[in-house]
Structures are given as C-alpha cells and as structure tokens.
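Quick notes on the structure that follows.
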Amino acid sequence: MIPEPNILTPEAWAEIECGGTVAVDFETFYTAAYSVAELGLWAYCHDPRFQAYLVAVTDGERTCVCAPSRFPWATIAGRTWVSHHRDFDRSVFERLQEQSAVPSGIAPAIWLCSAALCAYLQHPRDLVGAVKAVFGETLDKGPRERAKGRVPGEDYLLAAEISRYAARDALACLALWNHLERHWPPHERRLFDLTSDMGRHGLAVDWAYVRAKRLELEDLAGSIADALPWKPATSVKQFEAACERIGVPAPPSTSSADPGFARWLKKHIDSDAATWVRHMQRVRSANRTAKVLESMEARRMPSGRMAYELKYFGASTGRWSGGGGLNLQNLNRKTAEGVDLRRAIIAPPGHVLAAVDFSQIESRVLLFLAGDTEALVLFRDNPDADAYEIHARRTMGYAEPEPLKAWCDRTGSNLRQLAKARVLGLGFGCGWRKFIEVARVMAGLELSEDDSKGVVERFRDSNPRIVRLWQRLEDACEARDGDHYALPLPCTQHAPAAKRYVLYRDVHVSDEDITATVAGERVKVYGGLLAENWTQATARDVLASAWLRCACAGFVPVLSVHDELVFELPEATAEANLARIIALMETPLPWAPHLPLKVEGKLMPFYSK
DNA sequence: GTGTAGGGCGCG
DNA sequence: AAAGCGCGCCCTACAC
C-alpha cells in the first residue's frame, strides 16, 4: 500500500509540475530534556536549541527530502498539505518562516492532519500503529531513535538513513490520508481546527501568582521532605523499611484516597508511621502542584499568554484529552497547600472569564439513551430540578412539592446525598462492594454491606430501562463474536454517510467473558461498560455541538473541559453575552430533541469551579 | 543512561 | 450474576 520512495533532489523537484495533496514531514533535533513534552509546541519551536534539519515532501509519486531552506516551497504554495501531527509540523514551519529559513508568504490552501483523522476513526494515533492497523505494514522507528540527541548532518550514513525514513513517513502519512479521509465529516474537521486554534491562542495567566506560588510550594515540599528520615521523601519502599524498623505494619497503600489506607490510618493514627505517610502525601501533592506551575511557566509566550495543547479525540469515546506536557483538564478544583491552580488563569484586561458547563450531562444522557420517557418529562416539567432530585422523584418515592435540596436542608434528610450516589454510581453496573466505596467518596455516606446490597437491588428494580439498556448493548456486542462491534451514536442518526460509532474491534466471546480491542488494548466488555461508553461519547457530542454552535455565533472558547466551555468576554457586554451563550448551549439538539439540557454559567475575573 | 510499569494524584 | 468509566503527568523502582 505504501510505495517505495522515489527521492528527488530539490532541483529535480522544482522541474516537475504536480497537483493534488502533498504530505509534509519535518525532522527536528530533540533530547529527553528538550522535547515537545517538556515545553509544548510553541516553546519547543522558540527554544535556542530548535533546529529543523530535514523536510520530506511527497505527492505520492515523487518525494523530495532536503534541508528545509533548500526546498522549493513555491512549488507547493496554495495547495493542500497534510501532516501526521499537523500542529507540530505547522509550528515548525511557522518558526522557520520567522527565522527566514523558509520564505514568508508561502502557505497551503489548507493544512490537514492524518493523525487526527486516525484518532477519529479509532485507529492508533501514532504513525507506526496506524500504518500497522490500516495497511498491515510495519514501519521501523529505529532511524528516528538513533537520531535522538543528534543532528544527522554530521554523520553521512545516519543522514541517508534518516532521509529514507522521513520520505517513507511522508508517504505513509499521504497514504493514510487518501485512504481514510472520506470518513472524517466536515464538522469534526472543524472541531479539530477549533481545538488547535484554541491552544495556539492560549490563555491569559497571572504570572506573578504562578511564580510566587511555585517558589512557595518548592520550599514547602523541601521542608516537609527534610522532616522525613529517608530520601527520596516520596519513596514508598523507604517508608515501608522505616515502618519495619519501628514495628508498625506498612499500609496496603499510601494513597490518601485508598480505603485500605483509611483503615490502616485509623488503627495506627498515633504512630510515627502515620505522621510520615501524611508528610509523604503532602510532599506529593505540593510537588504535583509546583510541577504544573513550572510547566505553565515554560509555555509563556511574549504576548503574556500561555500556549497549550488539547488532544482532539484523545479518548476512545471522542472526548478531548490533555497533551503536550500540560494537562489543563485536571487542574485541582480546590486549593492544595494554599495554592489554587485555577486562580492562575485570568481574564485579559477589559475582559471577564465565562465558565459555562452542562449540569449532570451524563446522567441526563443516560436516561435519554435508556428511553426513560417519564424521567425526561419530569426534567421538562421541573426545569430547576437537578438530576438527583428527578431521580428521587422518579424512583425513590420523593413527592414533596418543595425542591429536594431545600427539603433535605430543612429536615436533615440524606435523601439527596443517597440519590446523588445512586445516580453517579449505579447507572453503569457498579455492584454493592464497589458501591460502598463510591457512596463514601461521592456522597460521604457510610453504608454497611446489607445497606449497599439493598440500595443496589432497589436501584435496579426501580430503573428497569437502564438495566435493560445494559442487557441490550451486551447482547448486541455478543452477537458480533469474531467481528467488530460498532456502537452507533445518536448525533449522526440522520446522516448515515458520516455515522459516528464507538468501536470495539475483534470481539471475542468465551464462556467467562466478552473481550474486544479498544484503543489498542484487549479489554473486558460488559453491558455496564457499553452503557457508560455510549453515554460518555454522546455527552461528548453534546459538548461538541455546543462548541460548534457557539463558534458559529462568534463565541470562540479559550478552554474546553469535557462538559464545560470557557470564554473571554469583553466586560461591557459580558452579562448579555453569557445569556446568549447559555441559550445557545441549552437549545435542544436536532439529533436529540427530548434530551433535557441544563447549563450553568458564571462570570469571573479568574478561572475557578 | 534509557525505557517502562505501577502507584499515586489530579480532573469530568 | 457481576462489573462505574474516561483521561495525563510525575515519581520510583527496575530491567536492559
């Protein structure tokens, strides 16, 4: 499928006339310490060590590999370009233009990305994996690894090897694109572009806060670490050895969230070991927060904004994920050791931040997918109620006219807490053992075994549609034994040509279980999982639709976090525009007209939950 | 030294 | 009958 490269000199390339799409692939210098993961795309390309030593350009028939400054860029100006990880190659290209290594004024008509395309189709995103999955061919990554830390110009043999390697990668990129591109619908391409542009635009940051808090945290972590009788401070192994020395059994886990740790701590609360482990936890937490701040500082642009990357279709459900060394989708919601990470993200002068998120989106989507019409009607008739109240009214016998929250506050009932734990924990097949933990973490409830068994049983009895959904999906998957199972998503139900699915590849049914390949790994598949994936993927499409709708109306977000969009709005008109955004996001979707959407938005001088 | 697995800490 | 799921990054320990 991928032809052997026919390599031309730049002079020979300039002689020929060719049309159509060309693939562009740069090779740049990198090391472990100087890499995109360390710095993000922008800072990587603006570092003094930045060096792009090779570019491969191919139209499929002919390939030119040379130093970027030697390539005749005018021959491909105004044409369609494609790269595998476009944002990387585009950053390199634009930097080379800034450095005058490539003439300014050269640009493609459109620059496409075969990696994003592969991700959308739920193939591996990396080139080697994608080529293997799509064409069954194995690409060798050896030359690139051998080039790490070096500029191969110094080494003639390596240079020749790298040239062939770059040519072959460009051909593979073009082959993937041509083979798959018709399956990538326009609105998804638009989402990918919006994602790239959002990260390149970046966020306004309070740099004084970032620096001051990073220094504080580094000091704090250092002084707590000094109080521990071993190094490195966060070594569990050293901690266990120290426990042995004082005759205290080590905990099964040193994670603050682990139930086994909680039980251990209760028992040994007065021991030195208890003090030590809490020190370790504080050091880990402080270190993490300091590292996030450091990572932010590395991404500062001269404009004062911080560039970042978000990975389009990072999850198999289609959700975006963090990437490029800084994950903005998992910033702490609350302060950690006196530092509020979200506080570092601010509105630029004359603006306010608007953070707008869908309320209980997955809970609502699950009821929609399960076809629980009665629940959907309750949502429609009680627009102010949340999903927990609706659940309590629908299946827990709550019938007061008063809103559930007010009633619970007045009477001291924990009904709402229990409803919340049930809604969040039990919709996807969680069993009673796990639910004890879920109820504690999500709702602060301490359930006995019998309590938990009863709750799980009553939930399933009173939510037959959800339980039937698990069964229906599991049956459908099972029926695909020996083949792929494609779970169709409602967002494209009226556009069969561009249908979106969650894919389970190579389903295998045995006596014990069903397994399938998801994101390159074999996983157990069961009804609850399918229901969860279906729900998450559909909730992702809800956000995607809202994003497109907002962008179309001129509201382009600066950040997106699963069920949330963040905008910078000019102060003078912020209130009115926030109302418009909320209205846009709450407008029923053409592909899910009865899905009850509720959106909350607030205006803030800096980001927060 | 480099790559990787597993634990831990964060989020929706 | 039973099974929450989806991510990313840092650190340590360990194999090579």
Side-chain angles (χ1 to χ4, degrees), chain A residues 31-33 37-38 145 148-149 221 231-240 251-258 261 277 280-292 294-295 309-311 313-334 336 341-342 357-363 366 421-435 437-439 441-442 453 456-457 459-460 466-467 470-471 474 502 512-514 518-519 523-537 539-540 543 560-564 609:
Chain A
T31 65
E38 197 65 25
E145 275 148 26
K148 184 176 180 182
K231 275 186 187 8
T234 54
S235 165
V236 173
K237 220 181 147 129
Q238 299 281 338
F239 165 68
E240 284 170 351
S253 159
T254 64
S255 166
S256 52
D258 189 282
F261 169 74
V277 76
M280 288 173 71
Q281 290 165 346
R282 285 190 69 194
V283 171
R284 286 196 288 238
S285 174
N287 274 343
R288 173 191 131 81
T289 308
K291 279 290 176 190
V292 172
E294 190 184 325
S295 198
E309 286 116 56
L310 207 59
K311 203 188 279 178
F313 225 98
S316 56
T317 53
R319 293 224 295 208
W320 283 261
S321 69
L326 171 65
N327 185 358
L328 289 181
Q329 299 200 123
N330 71 345
L331 295 179
N332 304 24
R333 316 174 84 229
K334 294 185 223 148
L341 277 176
R342 295 184 187 226
D357 68 293
F358 285 105
S359 306
Q360 310 104 31
I361 185 64
E362 290 201 1
S363 308
L366 175 61
R422 286 171 52 138
V423 167
L424 295 174
L426 295 179
F428 306 115
C430 173
W432 66 267
R433 268 177 224 283
K434 189 76 186 172
F435 187 65
E437 179 58 20
V438 170
V441 173
M442 284 181 175
K453 283 177 185 169
V456 170
E457 197 173 317
F459 177 88
R460 293 180 182 185
I466 290 175
V467 176
W470 304 340
Q471 193 56 53
E474 189 162 316
V502 182
E512 299 99 64
D513 56 23
I514 307 173
V518 178
V523 293
K524 267 194 195 185
V525 177
Y526 53 91
L529 175 82
L530 294 167
E532 203 287 335
N533 290 175
W534 204 24
T535 300
Q536 191 183 101
R540 176 271 187 195
L543 185 86
S560 162
V561 188
H562 305 310
D563 65 353
E564 174 185 28
K609 244 301 150 198

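Order of the sequence lines fixes the chain letters, A, B, ..., with proteins taken first and strands second; residue numbering starts at 1 for each chain. Values reported hereafter were calculated over all heavy atoms of this structure, with side chains retained and with hydrogens, waters and symmetry mates removed.
Within 4.0 Å (heavy atoms only), A:Lys524 reaches no atom of the nucleic acid at all. If you check every strand for non-hydrogen atoms under 4.0 Å, A:Glu474 touches a base. At the heavy-atom level, A:Gly325 lies under 4.0 Å from the strands shown only through sugar-phosphate atoms. In this structure, A:Asp357 reaches neither bases nor backbone, as no heavy-atom distance under 4.0 Å exists between it and the strands shown. At the heavy-atom level, A:Ser295 lies nowhere under 4.0 Å from the strands shown. Base engagement by A:Gly429 is indicated by at least one non-hydrogen atom pair under 4.0 Å involving a base atom. At the heavy-atom level, A:Leu326 lies under 4.0 Å from the strands shown only through sugar-phosphate atoms.
Contacts of A:Ala290 classified as side-chain contact (heavy atoms from CB on, under 4.5 Å), with partners at least two apart in sequence or in another chain: A:Leu217, A:Glu218. For A:Phe428, there are no ring pair (Phe, Tyr, Trp, His ring centres under 6.0 Å) partners, not counting sequence neighbours. Every residue was checked against the side chain to side chain donor-acceptor pair (under 3.5 Å) condition with A:Glu457, not counting sequence neighbours, and none meets it. Not a single side chain to side chain donor-acceptor pair (under 3.5 Å) links A:Asn327 to another residue, sequence neighbours left out. When the side-chain contact (heavy atoms from CB on, under 4.5 Å) test is applied to A:Glu38, the partners found at least two apart in sequence or on another chain are A:Ser35. Remark: A:Glu362 pairs with A:Arg319 by the salt bridge (Lys or Arg N to Asp or Glu O under 4.0 Å) rule, at least two apart or across chains. In this structure, A:Glu240 has no salt bridge (Lys or Arg N to Asp or Glu O under 4.0 Å) partners at least two apart in sequence or on a different chain. Not counting sequence neighbours, the partners of A:Arg282 by the salt bridge (Lys or Arg N to Asp or Glu O under 4.0 Å) test are A:Glu337. With sequence neighbours left out, A:Glu294 forms a salt bridge (Lys or Arg N to Asp or Glu O under 4.0 Å) with A:Lys291.
For the pair A:Ser560 and A:Leu543, the tightest heavy-atom approach, listed with the atom from each and the gap, is OG-CD2, 3.4 Å.
The nucleotide range of DNA chain C contacted by chain A, defined by atoms under 4.0 angstrom from heavy atoms of the protein and reported 5' to 3', is C:dA2 to C:dC14.
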Completion exercise
Contact string for nucleotides 7-12 of chain B, one letter per nucleotide 5' to 3', B = base within protein heavy-atom range under 4.0 Å, S = sugar-phosphate only, - = neither, reads -SSBSB
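Judged purely by distance below 3.5 Å, without hydrogens or angles, the side chains of A:Thr254 and A:Arg284 pair a donor atom with an acceptor atom.
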Completion exercise
Given Watson-Crick and G-U pairs under 3.5 Å, DNA chain C in dot-bracket ([ ] crossing, | other strand) is ....||||||||||||
